Amino acid sequence: MAPFIASATGKLLMGLSLGVIFGFTIHKSRMTRYETIVGLLRLRDFTMLKVMLSAIVVGMVGIYFFKDMGILKLSPKSALVGANIIGGLIFGVGFALAGYCPTTGIGSIAEGRYDALLGAIPGMLVGAALYAEAYTYLRNNLLQWGDLGKITIPDVLGWGFPYHWILIFIICTAIIVFCRALQKRGM
Amino acid sequence: MDWLKRESWSPYIGGAIIGILSWIAFLMVAPLGASTSYVRTSGMIEKIFASEHVKSLPYYLKEVPMIDWQWMFVAGVLIGAFISAWLSGTLYKKFVPVMWNERFGGSRGKRWVFAFAGGVILMFGARMADG
């Protein structure tokens with residue numbers, strides 16, 4: 001099985017299968033709805049935040065567990081302070097206007113949202129093409145600002161195994177306490 | 001198998017499944033992501049009209065316009081979400097979201113302009129932040 005998954009076709013099929021389960025799950029989690037996304041930005045519907053936070057808890061615990069077992073390698077992207085902040089702010093503006101995001105927007109098409117199919121998704125393709133043009137110029141300035149390299153929070157704190165589990169415990173506890181508070185308030 | 005036909009699940013269950021999928025992706029291939037696939041798709045479309053120009057852009061050398069496993073992941077999302085919506089009987093044909101309609105009215109053209117512009121802006125920002 002392992003050699004097949006490592007083959008080119010195996011990887012493509014793996015991607016497709018993971019995508020099918022992912023798409024099924026985001027639809028069941030109401031993430032494909034415009035109302036869920038804009039509802040969070042208006043602080044009226046915390047569904048999307050709950051999905052993301054529980055994905056972080058489960059994902060973080062598993063990934064660090066497998067990392068400590070030595071069967072998984074982290075692949076952090078470079079922390080580019082300038083590009084992360086400015087890009088994030090630009091993303092937020094577009095995200096609020098469109099009410100769809102690159103991954104969930106595909107699911108929105110699937111459930112019959114024509115403003116995603118004809119508007120938001122073609123817009124994202126145009127945005128990607130425009131960025132491909134801009135990259136030629138940005139790579140020598142904006143993309144160099146505040147490059148901290150491929151760092152993780154445990155790296156910065158100098159907390160290797162087993163101390164990063166203290167940090168994981170603190171983050172998970174904070175998320176659980178926060179979600180319980182949301183539930184208690186009926187949010 | 002009634003749970004497959006439910007209109008929605010608890011968001012915490014949904015998040016937990018996504019967390020587990022992230023382990024599998026990490027263990028088997030690489031971290032999950034979708035926005036790179038937009039770059040690859042744009043490149044593949046542009047290549048039809050301006051193949052030389054695409055070859056000259058450094059960004060398309062970094063993110064080569066081709067179908068890779070992440071692209072297949074995005075294709076899978078389309079299929080999975082469709083199956084879920086079909087099983088739960090929530091397939092519809094909507095041009096204007098309900099919440100948008102309540103605030104900005106039912107004009108399809110107006111909604112299209114904002115959805116398109118939002119898409120352009122968000123993807124430009126997402127690629128800049130490398131997300």
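Every chain is numbered from 1, with letters handed out A, B, ... down the list of sequences. These figures come from a predicted structure and were not determined experimentally.
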Distance-minimising heavy-atom pair for A116(A) and G105(A)
CB-O, 4.1 Å
Side chain, backbone, both or neither of M52(A) within contact of chain B (heavy atoms, under 4.5 Å)
neither
L87(B) versus chain A, the contacting section by heavy-atom distance below 4.5 Å
side chain
Under 4.5 Å, counting heavy-atom pairs only, tell me which of A120(A), G62(A), G19(A), A8(A) racks up the most with chain B.
G19(A)
Is it the backbone or the side chain of R6(B) that comes under 4.5 Å from a heavy atom of chain A, or both, or neither?
backbone
Chain A contact via V29(B) - which portion, at a heavy-atom distance below 4.5 Å:
side chain
Name the one of L182(A), I176(A), V177(A) that satisfies side-chain contact (heavy atoms from CB on, under 4.5 Å) with R180(A)?
I176(A)
Examine the side chains of S8(B) and R30(A) and answer whether a donor and an acceptor come within less than 3.5 Å of each other.
yes
If I measure from the heavy atoms of chain B, does K77(A) come under 4.5 Å with its side chain, its backbone, both, or neither?
side chain
Salt bridge check: are E35(A) and R113(A) linked by an N-O gap of less than 4.0 Å?
yes
Chain B heavy atoms under 4.5 Å from L138(A): which part of the residue, side chain, backbone, both or neither?
side chain
To the nearest 0.5 Å, how far apart are CD in Q183(A) and CZ in F178(A)?
10.5 Å
In terms of heavy-atom pairs under 4.5 Å, which option from D68(B), V39(B), L21(B) contacts chain A the most?
L21(B)
From the list A75(B), S42(B), A34(B), G14(B), the residue making the most non-hydrogen contacts under 4.5 Å with chain A is S42(B)
Need one label for R127(B): side chain, backbone, both or neither, based on atoms under 4.5 Å from any heavy atom in chain A.
both
At a 4.5 Å cut-off on heavy atoms, which part of F22(A) comes close to chain B: side chain, backbone, both, or neither?
both
Go through the atoms of Y100(A) and report whether side chain, backbone, both or neither lie under 4.5 Å from a heavy atom of chain B.
both
Under 4.5 Å from any heavy atom of chain A, what part of E63(B) do you find: side chain, backbone, both or neither?
neither
Please confirm whether K94(B) makes a cation-pi placement over Y114(A), using NZ or CZ under 6.0 Å from the six-membered ring centre and within 45° of the ring normal.
no
Is it the side chain or the backbone of Y60(B) that comes within 4.5 Å of chain A heavy atoms, both, or neither?
side chain
Checking I63(A) against chain B: side chain, backbone, both or neither under 4.5 Å from a heavy atom?
both
Apply side-chain hydrogen bond (donor to acceptor under 3.5 Å, both in side chains) to residues T32(A) and E111(A) and explain how you reach the verdict.
CA-CA 8 Å; T32(A) 50; E111(A) 66 170 350; 3.1 Å; yes
A134(A), part contacting chain B, at a heavy-atom distance under 4.5 Å:
side chain
W71(B) side chain to L12(A) backbone, donor-acceptor under 3.5 Å
no
Answer key: most heavy-atom pairs under 4.5 Å with chain A among L91(B), L27(B), L4(B), T36(B) is L27(B)
L143(A) portion near chain B, given a 4.5 angstrom heavy-atom threshold
side chain
Measure distances from I121(A) to the heavy atoms of chain B and classify the residue's part below 4.5 Å as side chain, backbone, both or neither.
both
Region of Y135(A) in contact with chain B, defined by heavy-atom distances below 4.5 Å
side chain
Flag, side chain of S108(A) to backbone of T104(A), donor-acceptor distance under 3.5 Å:
yes
Could you label the plane-to-plane angle of the F124(B) and Y131(A) rings as parallel, tilted or perpendicular, counting under 30° as parallel and over 60° as perpendicular?
perpendicular
Short question: side chain of W112(B), backbone of L118(A) - any donor-acceptor pair under 3.5 Å?
yes
If you count heavy-atom pairs under 4.5 Å with chain B, which of S17(A), G99(A), C101(A), C179(A) comes out on top?
C179(A)
Which label fits W9(B) and W3(B): parallel for a plane angle under 30°, tilted from 30 to 60°, or perpendicular past 60°?
tilted
Whatever's closer than 4.5 Å to a heavy atom in chain A on E46(B) counts as side chain
Give a yes or no answer on whether the side chain of W159(A) reaches the backbone of D155(A) with a donor-acceptor pair at less than 3.5 Å.
no
